[in-house]
Number of protein chains: 2
Amino acid sequence: MAHTRLRPPTMADVARQAGVSHQTVSRVLGDHPNVRDATRARVLRAIEEMGYRRNFSARALATRRTRTLGVVASDTTLYGPASTLFALEEAARAKGYLVSTVSLRKLTMESLSEALDHLSEGGVEGVVAIAPQRSAVDALAELRHPFPVVIVGGGPGVDITCVGVDQHLGARLATGHLLAAGHRTVWHLAGPEDWQEAADRAAGWRDTLEAAGVEPPMLLRGDWSPLSGYRAGQELAGWVGRGLTAVFVANDQMALGVLRALREAGVRTPQDVAVVGFDDIPEAEFFAPPLTTVRQDFSAVGKRGIALLLDLIEGRPPATAPRVEIEPQLVVRASTFPYAAQPDGTPL
Amino acid sequence: MAHTRLRPPTMADVARQAGVSHQTVSRVLGDHPNVRDATRARVLRAIEEMGYRRNFSARALATRRTRTLGVVASDTTLYGPASTLFALEEAARAKGYLVSTVSLRKLTMESLSEALDHLSEGGVEGVVAIAPQRSAVDALAELRHPFPVVIVGGGPGVDITCVGVDQHLGARLATGHLLAAGHRTVWHLAGPEDWQEAADRAAGWRDTLEAAGVEPPMLLRGDWSPLSGYRAGQELAGWVGRGLTAVFVANDQMALGVLRALREAGVRTPQDVAVVGFDDIPEAEFFAPPLTTVRQDFSAVGKRGIALLLDLIEGRPPATAPRVEIEPQLVVRASTFPYAAQPDGTPL
DNA sequence: CCGCGAATTGTTAGCGCTCACAATGACCTC
DNA sequence: GAGGTCATTGTGAGCGCTAACAATTCGCGG
């Protein structure tokens with residue numbers, strides 16, 4: 001007969017019902033060998049009947065493992081961080097870990113410290129920080145924490161394990177693509193100075209030009225937003241006819257703003273000015289014109305990040321170098337090549 | 001003298017160091033009154049010196065509370081779900097709860113069931129499901145789980161507490177805006193049939209037209225993607241000059257595709273056809289032309305969702321109705337009104 | 001200077017699980 | 001049939017904390 005049970009059943013309850021000891025129940029749940037099939041079946045039936053679920057806290061206390069990882073991130077509504085977050089969670093879950101997230105509005109020393117405390121109180125065994133700003137990386141390096149930390153998207157220099165896409169290579173692909181198409185030089189609209197990825201992309205752009213014997217033109221800066229791209233685009237429009245025929249924009253959102261400003265200034269893309277972005281956000285294919293851009297493999301970043309963190313947690317020597325770089329990929333569309341395919345596959 | 005300590009210090013270690021009982025340490029940490037200031041100071045100093053941190057699992061086991069909530073979501077790289085996720089985490093953290101996320105690629109019965117199991121194994125006290133598809137809501141209603149569940153963005157009908165933006169009202173705002181601007185009728189590009197929000201927006205559109213004594217024209221369907229909007233836009237372009245002067249598109253991404261298709265067909269926006277979107281993604285302001293759209297207050301959704309879940313967890317009678325609706329807001333831009341302000345504030 | 005209530009501190013038992021080890025039984029070999 | 005081995009199951013001791021209760025101390029009126 002079913003009576004209301006105030007407390008959820010414990011392992012001992014199940015054991016009693018199945019006529020075994022609690023340890024045998026534990027063995028069944030832990031997939032230990034050396035449990036007779038008949039016994040296992042009896043236990044499983046009791047578990048099923050009573051709707052038993054192993055108590056997380058008791059288990060964690062006894063094993064000293066919570067199997068929970070923390071992630072600290074900011075700007076999680078942007079495509080890049082959101083994709084990274086998704087990839088990290090998926091990779092962690094595949095390894096049997098739970099992920100607790102803290103999304104910050106700003107990665108300051110203070111907010112980071114609070115976030116790590118919060119996660120620490122939550123018993124995480126390690127943390128992945130999506131920290132693209134140098135200042136955030138520095139803060140992280142200073143902060144004391146009782147668990148290993150892996151940084152995604154951050155820069156080198158500090159003594160923390162990092163994973164990220166090879167931004168320098170991405171920028172070389174973008175800039176090289178434009179040079180190969182016959183442009184004499186390539187302008188660059190960079191991201192905020194403090195961002196490691198912005199710096200790496202700018203460096204890749206500069207190095208490619210210099211390797212080709214071209215003096216890099218003036219560098220413009222935006223803040224990743226379409227609005228800042230729009231403003232930079234207005235400025236860029238003023239240089240058309242004075243040597244500007246190609247622009248490498250440090251992300252797709254700013255490229256959107258640039259495209260709009262150019263269009264409003266009567267500048268045609270790609271006939272007058274070719275534009276390349278970075279990220280390959282889903283909308284990029286539908287910009288006017290569809291945007292040539294650099295695609296990052298976030299899923300790979302997530303997998304490597306989690307793998308690295310688990311190595312650290314389990315005290316294994318990290319399987320790879322402390323700095324892991326994932327290769328990006330150039331996606332060519334009509335913003336640099338007028339005959340590139342339409343979104344639905346038909347030529348323009 | 002400092003020697004390497006293999007195990008992190010326990011409360012008993014701190015107590016010994018401070019010359020008190022572990023219980024007094026617990027009192028200090030728990031902010032209990034009735035601890036003499038001198039004692040408190042001594043304990044705090046010991047904690048500081050030893051770098052003590054309270055063990056999460058032991059605490060959770062003793063209190064039977066993990067103070068952890070779960071969130072199940074899908075499509076977390078899209079603006080809407082990502083914003084909701086962010087808002088939920090922020091609201092939960094403000095209440096002292098940790099959030100564990102599971103991001104699914106598809107919300108099927110099977111994946112949902114696995115997600116709830118995974119969270120359950122992780123000891124969550126309750127779950128918020130971002131489940132915009134009806135099928136997902138139905139699956140959730142069928143699934144047994146040992147904790148309360150609140151649905152965000154889902155529909156009514158089932159016996160689960162829901163929070164969401166009032167989509168019907170949003171659609172009325174959008175459609176009414178177009179009618180007020182003098183359009184004789186408004187076409188609609190809806191989202192996938194299975195999505196509650198798509199259905200509500202379509203219903204709001206239809207109701208507004210009928211209230212105005214207008215027979216709703218043929219309804220088009222997309223899948224939220226820019227590509228599907230592009231295809232629908234090509235079809236819509238064929239109706240220009242045959243009564244089509246205004247379109248309400250069920251989200252901004254599809255609206256982007258529609259705008260592009262119209263432009264390619266030589267149709268001007270807003271002079272020939274006015275377009276309204278839904279969501280107000282950050283890029284919407286930079287579409288060509290800037291998009292009139294409906295803004296949703298995700299932060300409010302997050303707060304109400306968490307509040308509701310905590311009510312359920314703590315056995316309080318829910319402070320509000322089982323179905324909470326947040327009011328959306330119309331944002332007018334140039335896609336419906338040629339004199340709307342430019343992104344940077346200057347008139348066109 | 002005793003006694004009483006309030007403030008402060010200590011003691012004892014779990015919370016529900018896993019681990020290490022002990023115990024049981026089945027089966028086999030010589 | 002004694003002794004040994006292996007597979008299977010049970011027992012006891014924590015894991016590190018909080019909650020309930022017991023004990024101690026302090027201040028102060030009588």
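Since the model is a prediction, treat every value here as computed from it, not as a measurement.
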[X] vs [Y] side-chain heavy atoms within contact, under 4.5 Å:
X: Val99(B); Y: Val128(B); result: no
X: Phe56(B); Y: Val124(A); result: no
X: Leu309(A); Y: Tyr97(A); result: no

Exercise for the section: Please work out which residues in residues 14-32 of chain B have a non-hydrogen atom less than 4.0 Å from an atom of DNA chain C and list them by number. Expected result: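 Residues of residues 14-32 of chain B under 4.0 Å from DNA chain C: Val20(B), Ser21(B), His22(B), Gln23(B), Thr24(B), Arg27(B).
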Length of the line joining [X]:[atom1] and [N]:[atom2], which is rounded to integer Å:
X: Arg65(B); N: dG16(C); atom1: CZ; atom2: P; result: 15 Å
X: Glu121(B); N: dC17(C); atom1: CD; atom2: P; result: 11 Å
X: Asp37(A); N: dA26(C); atom1: CG; atom2: P; result: 17 Å
X: Asp13(A); N: dG16(C); atom1: CG; atom2: P; result: 9 Å
X: Leu61(A); N: dT18(D); atom1: CG; atom2: C1'; result: 12 Å
X: Arg54(B); N: dC15(D); atom1: CZ; atom2: C1'; result: 17 Å
X: Met11(B); N: dT11(C); atom1: CE; atom2: P; result: 16 Å
X: Asn34(A); N: dT8(D); atom1: CG; atom2: C1'; result: 7 Å

[N] phosphate, OP1 or OP2, under 4.0 Å from [X] side-chain N/O:
X: Arg59(B); N: dT18(D); value: yes
X: Arg64(B); N: dG16(C); value: yes
X: Arg36(B); N: dT9(C); value: yes
X: Asn55(B); N: dG16(D); value: no

Exercise for the section: Before accepting this row, confirm whether a basic side-chain N of the pair Arg59(A)/Glu121(B) lies closer than 4.0 Å to the acidic partner's carboxylate O. Expected result: no
Handout entry: Short side-chain to backbone donor-acceptor contact, Gln196(B) and Arg134(B), under 3.5 Å
Key = no
Practice task
Determine yes or no for a side-chain-to-main-chain donor-acceptor pair under 3.5 angstrom, with Gln296(A) supplying the side chain and Val165(A) the backbone.
Solution key: no
Practice task
Identify which one of Glu49(A), Arg42(A), Arg45(A) satisfies the side-chain hydrogen bond (donor to acceptor under 3.5 Å, both in side chains) criterion when paired with Gln17(A).
Solution key: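 So, applying the side-chain hydrogen bond (donor to acceptor under 3.5 Å, both in side chains) to Gln17(A) and each of Glu49(A), Arg42(A), Arg45(A), only Glu49(A) qualifies.
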Fill in the blank from the handout: Between the CG atom in Leu308(A) and the CD1 atom in Ile313(A), the distance rounded to the nearest 0.5 Å is 10.5 Å
Problem - Angle between terminal axes - the helix from dC1(C)-dG30(D) to dC30(C)-dG1(D), 5 pairs each end, rounded to 10° - result: 50°
Exercise for the section: Specify the residue among Ala58(B) and Thr39(B) whose closest nucleotide of DNA chain C lies further upstream toward the 5′ end. Expected result: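 The 5'-side residue here is Thr39(B).
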Problem - Ser100(B) and Ser100(A) side chains, donor-acceptor separation under 3.5 Å - result: yes
Practice task
Indicate, with a heavy-atom threshold strictly under 4.0 Å, whether Tyr52(B) touches base, sugar-phosphate, or nothing.
Solution key: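 Sugar-phosphate only.
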